[in-house]
Trainee: 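Please see the structure below; I have some questions.
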Amino acid sequence: MAGAVLIWSSLSLLNDLLPVEPGGGGDLTHWMNALVAFALAVPMVWAARRYLDRRPWSGLGLTGPCEACWPFLVGALSWLLPAALGLGIALVLGASVTPSAPAAQIVLSLLVLTLLVLLYEAVPEELIFRGYLFRNLSTALSAWLAVVAQAVLFTLWGTGLWVFGNGWEVLAERLPLFFGMGLVLGGIRLVTGNVWACVGFHLAFQVAAQALLTWVLFEVDGLDTVMGTVFLLPFVLGLTVTMMFVRDTGIWSGRVPDPVEG
């Protein structure tokens, strides 16, 4: 937790050193944040796992590329399917989402944004909270309590960074967002046993949110309606969709041992 706070808080201090291109995303600052966060967070978890826990990397649930495809897809669809339902409801209620840039530019921007989210948010954050911290918490706590505990830590970390950078006025918005997200992602981690499912869910959410709200790729009319449907339904239905895909509800009681390699 201390390392995660230091990494992301130091990035906010470094941002002033690089220029920001107004009205768009993917500028030099965004790339610096993504590369530095990834380059520091992943080795930090590796070192903690190897030298503090003295346990194998495989215990974290971040499998290799071949085994990652299906869990990653399950996680992404667990966000995208409820979001599609929410978009349909929003359109019926009178909201609209229209492109504000040429199709080729939107496709290229989404590809760049996907890479940036993977490096800056999805992989580092999921590896730390749903990988390392959840793995260690679940050895000492019942599975359901480990889900709640990592969600609390995720909320303290994420909300604290937002308050540090933007002031206390963001607390009422960010605190329920981070806690709800932490609970859903923790549940997905428990049900699937794989961090890549959490990465897929996190990636889909962040790409959609930034594409609509930050990167100026789409013009949204009726933003409150879209936020209350497209971005709310995945947090209400996402875990249920995951359970339907994996045909399992997970084991929510009991501790999970963390065996020593060999």
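Treat the numbers as computed from the prediction; the structure is a model and nothing was measured.
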Trainee: Give every donor-acceptor pair under 3.5 Å between a side-chain atom in residues 233-245 and any protein atom, sequence neighbours left out.
Mentor:
{"residue": "T242", "atom": "OG1", "partner": "S78", "partner atom": "OG", "Å": "2.7"}
{"residue": "T242", "atom": "OG1", "partner": "G238", "partner atom": "O", "Å": "3.1"}

Trainee: Under a 3.5 Å distance rule, please check whether Q210 uses its side chain to pair with a backbone N or O of W215 as donor and acceptor.
Mentor: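 Between the backbone of W215 and the side chain of Q210 there is no qualifying donor-acceptor contact (under 3.5 Å).
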
Trainee: Evaluate the side-chain contact (heavy atoms from CB on, under 4.5 Å) criterion for residues L119 and V123: first the C-alpha distance (whole Å), next the side-chain angles of each, then the deciding distance (0.1 Å), finally the verdict.
Mentor: CA-CA 6 Å; L119 294 175; V123 171; over 6 Å; no

Trainee: Return the CG to CG distance between L60 and D53, rounded to the nearest 0.5 Å.
Mentor: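 Reported value, rounded in 0.5 Å steps: 8.0 Å.
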
Trainee: Would a distance-only check, ignoring hydrogens and angles, find a side-chain to backbone donor-acceptor pair under 3.5 Å from S138 to R255?
Mentor: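 No: the side chain of S138 does not pair with the backbone of R255.
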
Trainee: What salt bridge (Lys or Arg N to Asp or Glu O under 4.0 Å) pairs are there with at least one residue in residues 108-127, not counting sequence neighbours?
Mentor: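 Matches after skipping sequence neighbours: E126-R130.
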
Trainee: Between the side chain of W57 and the main-chain N/O of R49, is any donor-acceptor distance below 3.5 Å?
Mentor: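 Not a single qualifying donor-acceptor pair exists.
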
Trainee: Does the side-chain contact (heavy atoms from CB on, under 4.5 Å) test come out yes or no for V97 and E219, once each step is laid out?
Mentor: CA-CA 6 Å; V97 180; E219 182 178 344; over 6 Å; no

Trainee: Can you sort out the partners of Y120 under side chain to side chain donor-acceptor pair (under 3.5 Å), two or more places apart, ordered by chain and number?
Mentor: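 If we apply the side chain to side chain donor-acceptor pair (under 3.5 Å) test to Y120, skipping adjacent residues, there are no hits.
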
Trainee: Hey, does the side chain of T192 reach the backbone of N194 with a donor-acceptor pair shorter than 3.5 angstrom?
Mentor: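 Judged by distance alone, yes, a pair lies under 3.5 Å.
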
Trainee: Applying side-chain contact (heavy atoms from CB on, under 4.5 Å), run through L137 and L153 and close with a yes or a no.
Mentor: CA-CA 11 Å; L137 288 166; L153 293 175; 4.2 Å; yes

Trainee: V195 and L127: which non-hydrogen atoms are nearest, and at how many Å?
Mentor: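 Looking at all heavy atoms of both residues, the shortest contact is CG1-N, 4.3 Å.
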
Trainee: Taking it one step at a time, do Y132 and W46 satisfy side-chain contact (heavy atoms from CB on, under 4.5 Å)?
Mentor: CA-CA 9 Å; Y132 186 83; W46 176 85; over 6 Å; no

Trainee: Looking at W162, F38, W157, which hits ring-ring contact (aromatic ring centres under 6.0 Å, His included) with W8?
Mentor: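 It is W157, the one option of W162, F38, W157 that forms the ring-ring contact (aromatic ring centres under 6.0 Å, His included) with W8.
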
Trainee: Among V230, T229, V226, V92, find the one that has a side chain to side chain contact (heavy atoms under 4.5 Å, CB included) with L87.
Mentor: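 Among the candidates, only V230 passes.
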
Trainee: Between R55 (side chain only) and D258 (backbone N and O only), is there a donor and an acceptor less than 3.5 Å apart?
Mentor: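 It does hold such a pair.
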
Trainee: Measuring from atom CH2 of W196 to atom CG of L62, what distance do you get when rounded to the nearest 0.5 angstrom?
Mentor: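 Interatomic distance, W196 CH2 to L62 CG, rounded to 0.5 Å: 5.0 Å.
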
Trainee: Taking all atoms of both residues into account, what is the closest heavy-atom pair of G59 and R135, and its distance?
Mentor: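 Taking G59 first and R135 second, the nearest heavy atoms are O-CD, 3.0 Å.
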
